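Data first, discussion second: the structure below is written as structure tokens.
Being a predicted model, the structure only gives us computed values, none of them experimental.
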Amino acid sequence: DANVCENADADLIVQTSFASTALVDVVWALSDGTTGSVEANGNAPTPILLTGDHFAADGQYPVIVTPTDDLGCSGDPIEGLVEVFDNPTAQATFAEVCEGGSIVPSAVPSGASYSYQWEVNGGTFMGQGASGPTPTFNNVACGDVIGLTLERTYSVDGDPLTCDSEELLSTLDVVLVSDPVVTTASSLCDGVDITLDLAEANAGSNCLIPSVTYT
């Protein structure tokens, strides 16, 4: 028997027993009609590799194994079992954030069986809360991409089995902070009144406007 994650290969071991030293074909069959065979030599354990394309969904997959010799004589079939466990799905929601601000993801799956691998722009994130579902990403900038790979560990017959999600990549919705600019004439006469025009470039919603100093 074998316990695997979705789309993973499964290894079964068949122990054959026969009187002659001739080669024996070990034929295996899945319930969907897929078949294959391997040669068993002697009475040694014979490995059978079932590729992950047979196990695209979680569930139990019986495998019928039958030994057949060169004369076409078949031994008694036996049944093995491949139990397939669900891969987790990485999920995270990020709100709009101002440039240079901080953000914490929401709607991330959580629980004792989950572990988290966070990335920022392709590099491993090691900041506050990196090992949990709600890390804090500081000083964000336009174009920042947050990556999340989710792991879930099952206890199968007392042994751990860890299944990984596909990586989720989220491009942050970063609003540029307002950039104030003061303009006036390039040269002025002494004693005249002046008017300063304050313009905002990259005006962002709900973002703080920094102060501007002029001389």
Side-chain angles (χ1 to χ4, degrees), residues 1-92 108-120 122-126 130-133 145-170:
D1 294 339
N3 301 300
V4 299
C5 303
E6 285 177 346
N7 301 307
D9 295 344
D11 293 301
L12 300 181
I13 301 294
V14 177
Q15 179 69 52
T16 56
S17 177
F18 47 93
S20 70
T21 57
L23 295 176
V24 170
D25 287 330
V26 177
V27 179
W28 57 265
L30 290 167
S31 57
D32 64 359
T34 303
T35 61
S37 65
V38 296
E39 285 188 340
N41 192 356
N43 294 318
T46 301
I48 296 176
L49 175 65
L50 304 176
T51 57
D53 54 356
H54 299 301
F55 312 118
D58 60 318
Q60 295 185 335
Y61 295 78
V63 183
I64 304 300
V65 181
T66 306
T68 304
D69 66 16
D70 293 339
L71 299 176
C73 298
S74 297
D76 293 329
I78 60 173
E79 181 178 287
L81 183 69
V82 177
E83 189 164 6
V84 180
F85 290 81
D86 186 31
N87 290 333
T89 300
Q91 297 178 333
V108 180
S110 61
S113 63
Y114 291 103
S115 57
Y116 308 84
Q117 296 179 359
W118 293 97
E119 293 184 352
V120 177
T124 301
F125 176 67
M126 302 294 290
S131 61
V145 177
I146 305 298
L148 170 62
T149 301
L150 196 62
E151 295 182 344
R152 185 173 184 181
T153 300
Y154 301 90
S155 179
V156 185
D157 299 327
D159 297 320
L161 174 67
T162 299
C163 299
D164 297 339
S165 72
E166 294 184 359
E167 185 178 22
L168 172 70
L169 297 175
S170 301

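If you take OH on Tyr154 and SG on Cys163, they are separated by 5.5 Å, rounding to the nearest 0.5 Å. Separation of atoms CD (Glu6) and CG (Asp86) is listed at 4.5 Å; rounding is to 0.5 Å. Separation of atoms CG (Leu50) and CG (Leu12) is listed at 5.0 Å; rounding is to 0.5 Å. Atoms CD1 and CG, on Ile13 and Asp1 in that order, are 11.5 Å from each other to the nearest 0.5 Å. The structure places CZ of Phe55 at 10.5 Å from CG of Asn7, a figure rounded to the nearest 0.5 Å. Here Glu39 contributes atom CD and Asp25 contributes atom CG; the two are 5.5 Å apart, rounded to the nearest 0.5 Å.
Proximity of Trp28 to Val63: side-chain heavy atoms (C-beta onward) are separated by under 4.5 Å at one or more points. Here the side chains of Thr89 and Leu150 are not in contact, with every heavy-atom distance at 4.5 Å or above. Contact annotation: the side chain of Cys5 approaches that of Leu161 to within less than 4.5 Å [non-hydrogen atoms, C-beta and beyond]. Two residues are said to be in side-chain contact when any heavy atoms from C-beta on lie closer than 4.5 Å; Asn87 and Ser165 fail this criterion. At least one side-chain heavy atom of Val26 sits less than 4.5 Å from a side-chain heavy atom of Val65. Residues Pro133 and Tyr116 have side chains in contact (heavy-atom distance under 4.5 Å, counting atoms from C-beta outward). In this structure the side chain of Leu169 never reaches within 4.5 angstrom of the side chain of Ile146, judged on heavy atoms.
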Stepwise side chain to side chain contact (heavy atoms under 4.5 Å, CB included) test for Val84 and Val82: CA-CA 6 Å; Val84 180; Val82 177; 4.0 Å; yes
Between Val120 and Val145, is the side chain to side chain contact (heavy atoms under 4.5 Å, CB included) condition met? List the steps. CA-CA 6 Å; Val120 177; Val145 177; over 6 Å; no
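Taking both residues in full, the closest heavy atoms of Ala92 and Trp118 are given as CB-CH2, 4.3 Å, listed atom of the first, atom of the second, then distance. Phe125 approaches Ala130 most closely through the heavy-atom pair O-CB, 3.5 Å. Here the shortest heavy-atom pairing between Pro62 and Leu81 reads N-CD1, 3.9 Å. Taking all atoms of both residues into account, the shortest heavy-atom contact from His54 to Tyr61 is O-CE2, 3.6 Å. The two atoms that bring Pro77 and Ile64 nearest to each other are CB-CG2, 4.0 Å, heavy atoms only. The two atoms that bring Gly52 and Asp9 nearest to each other are N-OD1, 2.7 Å, heavy atoms only.
In this structure, the side-chain contact (heavy atoms from CB on, under 4.5 Å) partners of Glu151, at least two apart in sequence or on a different chain, are Ser115, Gln117, Thr162, Asp164.
Sparse packing is recorded around CD of Glu166, with 12 or fewer heavy atoms of other residues, nucleotides or ligands lying under 6.0 Å away.
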